[in-house]
A.B. asks: 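Structure provided below as structure tokens; questions to follow.
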Amino acid sequence: MTPRPPSSGPDPKKTAEEQNPEARKAKPRAAAGKKTADTTEEPAAAAEKTAAAGKKSAAAKKKTAAVKKTPAARKAAGVKKTPPAGQKTAAGKQTAAAGKTPARPRKERVPAQRTTAGAPGASAAPVSPALSPVDRERLLTGTHHDPHTVLGAHPVPGGVAFRAFRPYARAVTVVAGEFRTGLSDDGEGFFSGLLPLPAVPEYRLLVTYESGVRETEDPYRFLPTLGDLDLHLIGEGRHERLWEALGAHPTTWQGVAGTRFAVWAPNARGVRVAGGFNFWDGTGHPMRSLGSSGVWELFLPGVGEGELYKFEITRPDGSRTLRADPLARRTQVPPETSSVVTASHHTWDDAQWLARRAMTPAHEAPFSVYEVHLPSWRPGRTYRELAEELPAYVKDLGFTHVELMPVAEHPFGGSWGYQVTGFYAPTARLGTPDDFKYLVDRLHQAGIGVLMDWVPAHFPRDDWALAEFDGRPLYEHSDPRRAAHPDWGTLEFDFGRREVRNFLVANAVYWCEEFHIDGLRVDAVASMLYLDYSREPGQWTPNEHGGRENLDAVAFLQEMNATVYRRCPGVVTVAEESTAWDGVTRATHHRGPSGFGGLGFGLKWNMGWMHDSLQYMSHEPVHRKYHHHEMTFSMVYAYSENYVLPISHDEVVHGKRSLVSKMPGDWWQQRAGLRAYLAFMWAHPGKQLLFMGQEFAQGAEWSEATGPDWWLLDPQYGAEADHRGVRDLVRDLNAVYRDSPALWQRDTDPAGFEWIVGDAAEDNVLAFLRRDADGTPLLAVSHFAPVVRADYRLGVPDDVPAWTEVLNTDTARYGGSDVTRPGPVKPEPQGWHGRPASVRLTLPPLATVWLRPA
């Protein structure tokens with residue numbers, strides 16, 4: 001469980017008056033039900049003023065006649081032309097905003113009814129415009145499911161009923177062109193009036209507070225901003241661009257600028273919008289429920305980019321909770337927790353990259369990944385500052401891709417970002433969403449693909465985020481045994497609920513389409529696939545077939561992968577899956593021996609290779625002969641999936657030591673072992689991933705506070721050459737790798753690999769051939785003993801007239817002993833290792849050598 005920082009919004013335990021001093025002063029006036037002179041001036045007085053002016057138009061005369069026909073309507077409406085409270089009239093008298101008339105006894109109001117009639121007939125019996133006690137109570141307690149039916153303007157018998165709910169206001173005046181009239185103060189922030197108009201006009205409201213007068217649009221005169229198709233797709237769990245329907249979006253609606261808000265909260269009794277624009281008191285901004293969709297919606301005029309907001313949800317038990325927007329596209333900088341209204345203004349300049357990336361599937365292309373923890377790569381840098389340094393550094397080293405972590409917003413800065421609270425928001429610690437787009441854009445312009453860590457397995461329990469979002473389990477499973485993750489103190493998503501599945505599938509599409517992400521590395525897939533993951537007998541329930549597989553999670557992963565690959569050509573999904581689940585990278589429509597279709601991922605992390613090979617390298621060379629199988633076993637299953645070989649952040653923290661520190665021996669042997677291991681990794685079938693800092697043999701474990709030890713590359717540091725040598729090797733590994741299709745073109749084809757010798761345990765030698773699509777070979781020889789072996793014979797094909805070294809990790813400029821062979825090596829007609837020809841090589845100590853046809 002992540003620490004729970006205090007909300008940047010109001011304290012839910014405080015009243016609105018405690019949070020808004022001006023509101024506290026104004027509240028008693030409204031609660032007393034007393035009316036200002038501005039809102040209670042008799043129509044007769046208004047008529048006298050109009051007659052004295054002598055400029056009544058024909059239209060005004062007609063209105064007057066109508067009023068005369070319906071005295072009750074005239075009295076209820078209070079029709080007049082009057083300036084806003086606080087301004088002076090022509091007679092030199094200030095409108096009595098502070099004046100009071102005796103409060104009239106409260107009467108039970110009849111709720112106004114809609115009518116399809118045009119102009120009200122003279123004989124129509126007028127109705128009271130005031131709200132019914134039931135509607136008042138629901139609005140005050142935040143449990144009204146459709147405030148638009150009672151607030152705003154509505155045709156009724158006798159005219160048009162206007163109702164406004166403005167807590168803490170002293171007066172409300174309706175303004176329609178030159179026409180304006182004050183509404184009656186019904187107490188507790190409610191105002192109403194019945195105007196003898198033939199139809200609802202275009203109007204605005206003048207709202208008088210103790211601090212002044214504000215002219216504003218009425219949010220309750222607008223139609224819903226979501227259409228039937230949006231609601232249908234949301235209900236079906238098939239809205240693939242869900243972020244365009246839900247969340248907060250600055251827009252112009254019915255000719256008025258503002259922001260439309262929408263949130264899914266099907267268990268809520270009511271939802272209101274609270275933010276800086278209403279002093280974090282959502283009382284006056286209730287949202288409407290759109291049918292059975294569970295979606296609540298409201299358009300707020302005048303609210304624009306940069307405004308902070310949350311949703312105030314009334315739970316089924318009547319209590320309230322203040323929640324960040326699940327689809328917020330921008331957040332405050334943690335530990336603040338509010339959502340931020342935002343819109344993108346970034347102009348992309350990576351069209352060439354996007355057109356090119358889909359030409360070759362990832363498993364048939366060079367794929368060398370530099371894993372970066374963004375906040376600590378260069379501590380203190382913003383997205384835009386990183387964009388000036390990271391692309392150049394990665395391009396210089398020759399990596400084809402970067403993998404970024406953490407991207408999505410998360411509460412605890414000291415983490416890797418795997419407990420996400422803002423699934424649609426790049427972390428605000430480094431800048432805005434457009435700043436993050438700028439970084440991705442610059443990487444693409446440098447020819448570098450961008451992967452991000454994506455976490456659909458679970459979420460934290462922070463009480464301002466997703467946990468029991470609307471008062472009941474919603475995003476999490478309703479069964480506590482299925483919801484609680486036993487290892488991390490988090491909650492697992494309910495993958496069987498279509499709206500939750502839609503939330504996650506659309507999220508995957510969102511990062512790829514809105515931020516041009518080229519790949520999603522999906523975290524903790526194994527924890528999703530098994531019902532008994534980290535659970536003891538009795539702590540889990542079998543599936544409908546009696547098995548341990550989470551069928552809902554399988555269906556979700558298949559849908560996510562199918563949708564991403566259909567919508568986003570060239571994007572690759574990568575599974576961090578640590579078990580032997582069958583068909584992780586198999587197509588979803590191809591069933592395997594287990595009866596399941598494939599999960600549909602493009603690549604899978606080879607966790608087995610990582611653990612086995614690191615275990616082997618950690619042994620003293622004299623003992624490695626007893627663990628030789630740890631380096632060869634991976635080829636038994638190398639073609640069962642499309643693999644990535646990951647030396648990730650997981651392997652260099654929490655006491656596991658850095659990569660170079662895992663190597664035995666003295667400092668020279670440690671660096672030599674690291675260089676030999678990296679070249680073995682680059683030659684092995686599969687793609688490769690290396691975490692930052694390991695490219696220059698950082699000796700200390702990674703720290704999120706300090707990041708890589710860049711000072712090791714300072715020329716003033718005495719051992720700088722040792723670290724620079726390893727980085728030079730990584731640069732050359734990537735250069736030769738990209739220029740050698742044999743090392744990547746047939747990574748998933750068994751015909752692309754041949755053992756030369758895999759059983760030379762006593763010599764600590766491994767040798768194999770890699771072949772490209774045309775059959776052109778590359779010979780890789782790894783020697784993991786700290787001795788020189790002269791005239792070491794290896795069998796080779798007889799169709800290659802000569803071999804030449806293209807890479808030797810023992811080269812002096814890498815920090816090695818420089819046991820190299822500058823000239824070509826010619827095969828001899830002596831058969832060896834089952835081959836018709838052989839070569840004699842001098843194997844350097846703790847080194848890997850690559851040779852290809854001269």
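FYI, side chains are in, hydrogens and waters are out, and symmetry mates aren't considered; it's all heavy atoms of this structure.
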A.B. asks: Does the side chain of P685 reach to within under 4.5 Å of the side chain of Y639, using non-hydrogen atoms?
C.D. replies: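 Touching, per the 4.5 Å side-chain cut-off.
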A.B. asks: Can you tell me how the ring of F495 sits relative to the ring of F493, calling it parallel under 30°, perpendicular over 60° and tilted otherwise?
C.D. replies: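 If you compare the ring of F495 with that of F493, the planes turn out tilted.
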A.B. asks: What are the two closest heavy atoms between R852 and D739, and how far apart are they?
C.D. replies: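 In terms of heavy atoms, the two residues are closest at NH1-O, 4.0 Å.
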A.B. asks: Compare all side-chain heavy atoms of T432 with those of R330 and state whether any distance is below 4.5 angstrom.
C.D. replies: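 Contact flag for T432/R330 side chains = yes.
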A.B. asks: Are the aromatic ring centres of W710 and W377 under 6.0 angstrom apart?
C.D. replies: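 Close enough - the centres of the two rings lie under 6.0 Å apart.
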A.B. asks: Any idea how W581 and F596 line up, ring-wise: parallel (<30°), tilted (30 to 60°), or perpendicular (>60°)?
C.D. replies: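 Ring orientation of W581 relative to F596: tilted.
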A.B. asks: Walk me through whether W605 and S648 qualify under side-chain hydrogen bond (donor to acceptor under 3.5 Å, both in side chains).
C.D. replies: CA-CA 10 Å; W605 273 21; S648 72; over 6 Å; no
A.B. asks: Short question: side chain of D774, backbone of T776 - any donor-acceptor pair under 3.5 Å?
C.D. replies: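 No, D774 side chain to T776 backbone: no donor-acceptor pair under 3.5 Å.
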A.B. asks: Using only heavy-atom distances, determine whether the side chains of W353 and D518 contain a donor-acceptor pair under 3.5 Å.
C.D. replies: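 Yes, a side-chain donor-acceptor pair sits under 3.5 Å.
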A.B. asks: Side-chain contact test, heavy atoms from C-beta onward, threshold under 4.5 Å: evaluate it for I647 versus L659 and give yes or no.
C.D. replies: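 They are in contact (side-chain heavy atoms under 4.5 Å apart), so the answer is yes.
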A.B. asks: Between N642 (side chain only) and L603 (backbone N and O only), is there a donor and an acceptor less than 3.5 Å apart?
C.D. replies: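 No; judged by distance alone, with no hydrogens or angles, the pair does not exist.
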A.B. asks: Heavy atoms only: give me the nearest W702-S376 pair and the separation to one decimal.
C.D. replies: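 Heavy atoms of W702 and S376 come nearest at NE1-OG, 3.1 Å.
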A.B. asks: Using modelled atom types and a 3.5 Å cut-off, is there a donor and acceptor pairing between side-chain atoms of Y565 and backbone atoms of T573?
C.D. replies: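 Judged by distance alone, yes, a pair lies under 3.5 Å.
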A.B. asks: If every non-hydrogen atom of A508 is compared with every non-hydrogen atom of L520, which pair is closest and at what distance?
C.D. replies: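 Minimum heavy-atom contact is CB-CD1, 3.6 Å.
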A.B. asks: Counting only heavy atoms from other residues, nucleotides and ligands, does the tally under 6.0 Å from CZ of R238 exceed 12?
C.D. replies: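 Incorrect, the count does not exceed 12.
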A.B. asks: Decide yes or no for L807 and L729: does some side-chain heavy atom of the first lie under 4.5 Å from some side-chain heavy atom of the second?
C.D. replies: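 The answer is yes, as the side chains (C-beta and beyond) meet within the 4.5 Å cut-off.
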A.B. asks: Say whether S338 and Q332, considering side chains only, have a donor N or O and an acceptor N or O under 3.5 Å apart.
C.D. replies: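 Note: S338 and Q332 side chains meet the donor-acceptor criterion.
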A.B. asks: Tell me whether T251 contacts the main-chain N or O of W253 through its side chain, where contact means a donor paired with an acceptor under 3.5 Å.
C.D. replies: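 No, the answer is negative, given that no donor and acceptor are paired below the 3.5 Å cut-off.
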A.B. asks: Using side-chain contact (heavy atoms from CB on, under 4.5 Å), reason through F367 and D747 one step at a time and then give a plain yes or no.
C.D. replies: CA-CA 10 Å; F367 197 89; D747 269 331; over 6 Å; no
A.B. asks: For R241 and E514, run salt bridge (charged side-chain N to carboxylate O under 4.0 Å, His left out): C-alpha distance rounded to whole Å, both residues' side-chain angles, the deciding distance at 0.1 Å, then the answer.
C.D. replies: CA-CA 10 Å; R241 294 182 67 85; E514 293 292 323; 3.1 Å; yes
A.B. asks: Taking atom types as modelled and ignoring hydrogens, do the side chains of R429 and T427 form a donor-acceptor contact shorter than 3.5 angstrom?
C.D. replies: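 Present: a donor and an acceptor within the cut-off.
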A.B. asks: Could you tell me whether a side-chain N or O of W744 sits under 3.5 Å from a main-chain N or O of Y737, the two making a donor and an acceptor?
C.D. replies: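 Present.
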A.B. asks: Please evaluate residues F436 and L404 with respect to the criterion side-chain contact (heavy atoms from CB on, under 4.5 Å), reporting the C-alpha separation (whole Å), side-chain torsions for both, the decisive distance (0.1 Å), and the verdict.
C.D. replies: CA-CA 11 Å; F436 180 63; L404 305 180; 4.0 Å; yes
A.B. asks: Do F515 and W243 have ring centres separated by under 6.0 Å?
C.D. replies: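 F515 vs W243: aromatic centres not under 6.0 Å.
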A.B. asks: Is the side chain of T588 donor-acceptor paired with the backbone N or O of G600 at a distance under 3.5 Å, no angle test?
C.D. replies: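 A pair under 3.5 Å: no.
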A.B. asks: Determine, step by step, whether R521 and E576 satisfy the side-chain contact (heavy atoms from CB on, under 4.5 Å) criterion, reporting the C-alpha distance in whole Å, the side-chain angles of both residues, the deciding distance to 0.1 Å, and the verdict.
C.D. replies: CA-CA 7 Å; R521 180 266 194 184; E576 188 226 4; 3.4 Å; yes
A.B. asks: Taking the side chain as every heavy atom from C-beta outward, state whether L678 and L690 have any atom pair closer than 4.5 Å.
C.D. replies: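 Side chain of L678 against side chain of L690, heavy atoms only: contact under 4.5 Å found.
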A.B. asks: Any salt bridge between E236 and R498, counting N to O under 4.0 Å?
C.D. replies: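 Between R498 and E236 there is no salt bridge, as every charged N stays at least 4.0 Å from the carboxylate O atoms.
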A.B. asks: Looking only at heavy atoms, what is the nearest atom pair of A365 and T360, with distance?
C.D. replies: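 Looking at all heavy atoms of both residues, the shortest contact is CB-CG2, 3.9 Å.
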A.B. asks: Do the side chain of E695 and the main chain of G693 share a donor and acceptor less than 3.5 angstrom apart?
C.D. replies: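 Yes: the side chain of E695 pairs with the backbone of G693.
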A.B. asks: Could you go through the side-chain hydrogen bond (donor to acceptor under 3.5 Å, both in side chains) check for T585 and E641 one step at a time?
C.D. replies: CA-CA 6 Å; T585 59; E641 303 281 3; 2.5 Å; yes
A.B. asks: Without hydrogens or angle criteria, can the side chains of S527 and H458 be said to hold a donor-acceptor pair below 3.5 Å?
C.D. replies: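 No, no side-chain donor-acceptor contact under 3.5 Å.
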A.B. asks: Can E244 and R329 be said to form a salt bridge (charged side-chain N to carboxylate O under 4.0 Å, His left out), step by step?
C.D. replies: CA-CA 10 Å; E244 292 185 340; R329 290 167 296 127; over 6 Å; no
A.B. asks: Please assess Y643 against W609 for the test ring-ring contact (aromatic ring centres under 6.0 Å, His included), listing each intermediate value before the final yes or no.
C.D. replies: CA-CA 10 Å; Y643 282 116; W609 172 89; over 10 Å; no
A.B. asks: Measure the spacing between CZ of F556 and CE of M528 and express it to the nearest 0.5 Å.
C.D. replies: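 Taking CZ in F556 and CE in M528, the distance rounds to 5.0 Å.
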A.B. asks: Which residues satisfy the side chain to side chain contact (heavy atoms under 4.5 Å, CB included) test with D230, sequence neighbours excluded?
C.D. replies: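 For D230 the side chain to side chain contact (heavy atoms under 4.5 Å, CB included) partners, ignoring immediate neighbours, are L226, H239, A245.
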A.B. asks: If every non-hydrogen atom of H410 is compared with every non-hydrogen atom of T421, which pair is closest and at what distance?
C.D. replies: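 Taking every non-hydrogen atom into account, CA-OG1, 3.9 Å.
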A.B. asks: Look at the side chain of D709 and the backbone N and O of W711, then say whether any donor-acceptor pair between them is shorter than 3.5 Å.
C.D. replies: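 Not at all, since once roles are kept as given, no pair shorter than 3.5 Å links the two residues.
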A.B. asks: For the pair E385 (side chain) and T382 (backbone), establish whether a donor and an acceptor sit closer than 3.5 Å, ignoring hydrogens and angles.
C.D. replies: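 Here the side-chain-to-backbone pair exists.
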A.B. asks: Would you list the pairs meeting side-chain hydrogen bond (donor to acceptor under 3.5 Å, both in side chains) in which at least one residue belongs to residues 399-408, sequence neighbours left out?
C.D. replies: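 Listed once each, the pairs would be none.
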A.B. asks: Ring centres under 6.0 Å, that's the criterion: do Y424 and F503 meet it?
C.D. replies: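 Here the rings of F503 and Y424 have centres that are less than 6.0 Å from each other.
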A.B. asks: Checking side-chain contact (heavy atoms from CB on, under 4.5 Å) for the pair L645/K687: CA distance, chi angles, key distance, verdict?
C.D. replies: CA-CA 6 Å; L645 312 179; K687 313 309 179 182; over 6 Å; no
A.B. asks: Ignoring hydrogens and angles, tell me if any N or O in the side chain of D434 forms a donor-acceptor pair with the backbone of H345 under 3.5 Å.
C.D. replies: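 Confirmed, D434 side chain pairs with H345 backbone.
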A.B. asks: Would W416 and D650 count as having a side-chain donor-acceptor pair, cut-off 3.5 Å?
C.D. replies: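 No pair is found: no donor N or O on one side chain lies under 3.5 Å from an acceptor on the other.
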A.B. asks: Between R442 and E388, is there a side-chain N and carboxylate O pair less than 4.0 Å apart?
C.D. replies: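 A salt bridge links R442 with E388.
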A.B. asks: Step by step, would you call F768 with F753 a ring-ring contact (aromatic ring centres under 6.0 Å, His included)?
C.D. replies: CA-CA 7 Å; F768 51 84; F753 178 90; 5.1 Å; yes
A.B. asks: Hey, mind stepping through E371 and H649 against side-chain hydrogen bond (donor to acceptor under 3.5 Å, both in side chains) and telling me if it holds?
C.D. replies: CA-CA 8 Å; E371 189 184 24; H649 61 276; 2.7 Å; yes
A.B. asks: So F696 and V730, do their side chains get closer than 4.5 Å, heavy atoms only?
C.D. replies: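 The answer is no, as the side chains (C-beta and beyond) never meet within the 4.5 Å cut-off.
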A.B. asks: Could you check if a side-chain atom of R746 sits within less than 4.5 angstrom of a side-chain atom of R770, using non-hydrogen atoms only?
C.D. replies: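 The answer is no, as the side chains (C-beta and beyond) never meet within the 4.5 Å cut-off.
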A.B. asks: When you compare the side chain of E409 with that of P334, does any pair of heavy atoms fall below 4.5 Å?
C.D. replies: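 Sidechains of E409 and P334: in contact.
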A.B. asks: Nearest heavy-atom pair of S613 and Y677: which atoms, and what distance?
C.D. replies: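 Looks like OG-OH, 2.8 Å.
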A.B. asks: Checking side-chain polar atoms at under 3.5 Å, does T848 have a donor or acceptor matched by the opposite partner on W682?
C.D. replies: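 There is no such pair between these side chains.
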